[in-house]
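What follows is a short report on a single structure.
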Amino acid sequence: EMLQEVMCGLLERQNYTDPATRCFIVSAMTKIQALCQGAVSERVHTLIKRCARSLNFRLQQRCLDFLALSPHPQLMQQVLPLDASCEDIVVDASMPCLNGLVAQHLAQGGSPYLPPHQRRFDRSDTVG
C-alpha cells in the first residue's frame, strides 16, 4: 500500500509530462496491485480514473486495464503473475501457421516478402 502511494506521488508530479513515463508508472502500479491483492485505495482509484481520461491512448488503455482488473484480484494475479518474466518462450521464426495465408496472397498476385534491406523505395512516394 505504501508503494502504491509513492507511485501515486510520481504520477501526480507535473515534471513527468512524457506519456511513456506515465504509462510505465501506471503499468508498475497495476503489477503491484496484482501482487498485493488488496483493496485499491481511494487515492489510487481516483488518480487512475483521472488518467483514464487522458488524450494519450496508451495511458488510457493501461488505466482502463487497471480499472477492469482491480475488482477481480484472482484474475489480476493470473493475468499478471509474479514470475512471468522467468518463463521461457519458444518462438518459431518461420511462422508455419501463416503458410496458407501467404500462399493465398501469392496466388492472388501478391508480392513475396522482401526483407527491408532488399526493398527499393520510390522517391516520388515520399513526402516533403
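All residue numbers in this chain count up from 1 along the given sequence. Every heavy atom of this structure was used, including side-chain atoms; hydrogens, water molecules and symmetry mates were not.
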inquiry  = Taking Leu69 as the starting point, is it possible to reach Phe24 by hopping between hydrophobic residues whose side chains are less than 4.5 Å apart?
reply    = no
Atom pair CG (Leu35) and CE (Met76), whose distance is rounded to the nearest 0.5 Å = 10.5 Å
ask   = Would one find more than 12 heavy atoms of other residues, nucleotides or ligands at under 6.0 Å from atom CG of Leu114?
value = yes
note = All heavy atoms of Val40 vs all of Ser70, minimum pair found to be CG2-CB, 3.6 Å
message = So, taking the atom named CD1 in Ile25 and the one named CZ in Arg13, what distance separates them when rounded to the nearest 0.5 Å?
response = 8.5 Å
task = Check step by step if side chain to side chain contact (heavy atoms under 4.5 Å, CB included) holds for Arg119 and Tyr113.
result = CA-CA 9 Å; Arg119 299 176 191 166; Tyr113 173 77; 3.2 Å; yes
ask   = Should we say atom CZ of Arg58 is surrounded by more than 12 heavy atoms from elsewhere, each under 6.0 Å from it?
value = no
key: Side-chain heavy-atom pair Leu59, Pro19 within 4.5 angstrom cut-off   = no
task = Using the rule that two of Ile, Leu, Val, Met, Phe, Trp, Tyr join whenever any of their side-chain heavy atoms come within less than 4.5 Å, decide whether Val26 and Val6 are in one cluster.
result = no
task = Mind listing the closest non-hydrogen atom pair of Arg62 and Ser27 along with its distance?
result = NE-OG, 3.0 Å
query = To the nearest 0.5 Å, how far apart are CD1 in Ile48 and OG1 in Thr30?
reply = 6.0 Å
For the student: nearest non-hydrogen atoms of Cys8 and Val44, plus distance = SG-CG2, 3.5 Å
query = How many angstroms lie between CD in Gln33 and OG in Ser41, if you round to the nearest 0.5 Å?
reply = 8.0 Å
request  = Check Cys51 against Arg22 and note the closest heavy-atom contact, atom names and distance.
outcome  = SG-NH2, 3.6 Å
ask   = What heavy-atom pair brings Leu67 and Ala52 nearest, and what distance separates the two atoms?
value = CD1-CB, 4.3 Å
query = Does the Gln4 side chain pair with the main chain of Met29, one donor and one acceptor, at a distance under 3.5 Å?
reply = yes
request  = Show the numbers, then the answer: is there a side chain to side chain contact (heavy atoms under 4.5 Å, CB included) between Arg50 and Glu12?
outcome  = CA-CA 11 Å; Arg50 186 174 39 159; Glu12 290 173 328; 4.0 Å; yes
request  = Any chance you could lay out the side chain to side chain contact (heavy atoms under 4.5 Å, CB included) test for Lys49 and Thr46, step after step, and finish with the verdict?
outcome  = CA-CA 5 Å; Lys49 279 179 68 173; Thr46 301; 5.8 Å; no
query = Going from CG on Leu47 to CZ on Phe66, what distance comes out if it is rounded to the nearest 0.5 angstrom?
reply = 9.5 Å
inquiry  = On a heavy-atom basis, which atom in Ala28 and which in Met7 lie closest, and how many Å separate them?
reply    = CB-CE, 3.4 Å
